[in-house]
Amino acid sequence: MAAALAPSVLSADFARLGEQVREVEAGGAGLIHVDVMDGHFVNNITLGPVVTAAIRKSTNLPLDCHLMIENPERYVDAFIDAGAEMISVHMEAARHLHGTVQAIRKRGAKAGVVLNPATPLSALHDILPDVDFVLLMSVNPGFGGQSLIRPVLDKARQLRALVDRDRLNCRIEIDGGVTEENLQEVASTGVDMIVSGSAIFGTDDIRATTERMVRMLAVMAEDRA
Ligand code: DX5
Ligand code: ZN
């Protein structure tokens, strides 16, 4: 199974958001990564449920809402009502993580937990059996266009081995600094979903860039089969 490409709309042109979301969908993206920031958990403010609902109307792809906000439990219902199929919350921000994961799943959405680059995999010990996916940050959260933090690739490989060994029903997503140049190396870690923002939306032909990256992932999966 090829890793799914998840374009992050943070790097899109917000004056043409619907149009550009349709371009990555046409290019074969598997899901739309929606970066939510509150100016407290990270030093940036982006979008909320209202814009998420507008994105929902622009695509049939699953919306993967990455909540970089304090006390994310307060907004789980609002993002699911806006059309999010996947909601990830930061281990570093969710004081009641188990309860928040249960609340997301109770609404029928997929629950994810996010680890910042310095948060160890061991922090997942008591929640891993309860989540649908883990999002590994390969940049420090807050902005697009940063360079990939390479030690996170080993973290991804270790998590892949752990999930496979324990036969957990948990997918792995990596987020930050992924480009056409490092995509093959990132995919070789065994992750299931790969976020990429500026490397897609920062190019002249968003659809063509998406198609090239999706094709690269498909060829890698065929070679592994
Ligand atoms: C950063 C976000 C990432 C970011 C990815 O806080 O969570 O999703 O937008 O953008 P690039 O691919 O440009 O690093
Ligand atoms: Zn993100």
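Just the heavy atoms: all of them, side chains too, but no hydrogens, waters or symmetry mates, feed the values below. In listed order, ligands and their atoms are each counted from 1.
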Checklist line | Identity and distance of the protein heavy atom lying nearest atom 12 (O) of ligand 1 | finding: G197 N, 2.7 Å

Check: Tell me: protein heavy atom nearest atom 5 (C) of ligand 1, and distance?
Finding: D175 OD1, 3.6 Å

Next item on the list: Start with the C-alpha gap between R171 and D132, add the side-chain angles, then the distance that decides, and say whether salt bridge (Lys or Arg N to Asp or Glu O under 4.0 Å) holds.
Entry: CA-CA 6 Å; R171 300 175 77 210; D132 298 295; over 6 Å; no

Notebook entry, point to check: Applying side chain to side chain donor-acceptor pair (under 3.5 Å), which residue pairs with at least one partner in residues 19-29 are found, sequence neighbours left out?
Noted result: R16-E19, E25-T59

Item checked: N/O donor-acceptor pair under 3.5 Å between Q184 side chain and E181 backbone -> no

Notebook entry, point to check: Does a sphere of radius 6.0 Å around CG in N43 hold more than 12 heavy atoms from other residues, nucleotides or ligands, not counting ones at 6.0 Å or beyond?
Noted result: no

Check: Within less than 2.8 Å of the Zn ion (ligand 2), how many protein N/O/S atoms are there?
Finding: 4

Note to self: Quick check on contacts: which atoms of ligand 1 are under 4.0 angstrom from a heavy atom of H33?
What the structure shows: 8 (O)

Notebook entry, point to check: At a 4.0 Å threshold, what atoms of ligand 1 neighbour a non-hydrogen atom of M137?
Noted result: 7 (O)

Margin query: Can you report which non-hydrogen protein atom sits closest to atom 14 (O) of ligand 1, along with the distance?
Written below: G177 N, 2.8 Å

Note to self: Under 3.5 Å between any N/O of G145 and any N/O of ligand 1: does that happen in this structure?
What the structure shows: yes

Margin query: If we ignore hydrogens and angles and just use 3.5 Å, is the side chain of D164 paired with the main-chain N or O of A161 as donor and acceptor?
Written below: no

Notebook entry, point to check: Closest heavy-atom contact between L31 and P7?
Noted result: O-CD, 3.1 Å

Next item on the list: Specify the protein heavy atom at minimum distance from atom 13 (O) of ligand 1: its residue, its atom name, and the distance to 0.1 Å.
Entry: S198 OG, 2.6 Å

Checklist line | Modelled atom types, side-chain donor and acceptor of S198 and S11, under 3.5 Å | finding: no

Margin query: Looking at R74, I'd like to know if its CZ atom is crowded, meaning that more than 12 non-hydrogen atoms belonging to other residues, nucleotides or ligands lie closer than 6.0 Å.
Written below: yes

Notebook entry, point to check: Is the backbone N or O of R207 less than 3.5 Å from a side-chain atom of R212, with the two atoms forming a donor-acceptor pair by type?
Noted result: no

Notebook entry, point to check: Which bit of S8 gets closer than 4.0 Å to ligand 1, counting heavy atoms only: side chain, backbone, both or neither?
Noted result: side chain

Check: Which residue supplies the protein heavy atom nearest to atom 6 (O) of ligand 1, what is that atom called, and how far is it?
Finding: G142 N, 2.7 Å

Check: Under 3.5 Å, is there a donor-acceptor pair between the D35 and H33 side chains?
Finding: yes

Margin query: Using a 4.0 Å cut-off to any heavy atom of P141, which atoms of ligand 1 qualify?
Written below: 6 (O)

Check: Okay, side chain of R160, backbone of G190: is any donor-acceptor separation there less than 3.5 Å?
Finding: yes

Check: What protein heavy atom sits nearest atom 1 (C) of ligand 1, and how far off is it?
Finding: F143 O, 3.6 Å

Check: What atoms of ligand 1 come within less than 4.0 Å of a heavy atom belonging to S196?
Finding: 12 (O)

Check: Is there a donor-acceptor contact under 3.5 Å from the side chain of D38 to the main chain of E70?
Finding: yes

Check: Hey, is OH on Y75 packed in by over 12 heavy atoms from elsewhere, all under 6.0 Å?
Finding: no

Note to self: If the cut-off is 4.0 Å to any non-hydrogen atom of H66, which atoms of ligand 1 fall inside it?
What the structure shows: 7 (O)

Margin query: Under 4.0 Å from a heavy atom of V195: which atoms of ligand 1 are those, numbered in the order shown and with their elements?
Written below: 8 (O)

Note to self: Donor-acceptor pair, distance only, cut-off 3.5 Å: does the side chain of E85 make one with the backbone of L63?
What the structure shows: yes

Check: Of the protein's non-hydrogen atoms, which lies at the shortest distance from atom 9 (O) of ligand 1, and what is that distance?
Finding: D35 OD2, 2.9 Å

Check: Does G176 have a non-hydrogen atom less than 4.0 Å from ligand 1?
Finding: yes

Check: By number and element, which atoms of ligand 1 are closer than 4.0 Å to a non-hydrogen atom of L10?
Finding: 9 (O)

Note to self: Below 30° counts as parallel, above 60° as perpendicular, anything between as tilted: where do the rings of H90 and F41 land?
What the structure shows: tilted

Check: Among protein heavy atoms, which lies nearest atom 10 (O) of ligand 1, and at what distance?
Finding: G144 CA, 3.7 Å

Check: Should you measure from each heavy atom of M37, which atoms of ligand 1 turn up under 4.0 Å away?
Finding: 6 (O)

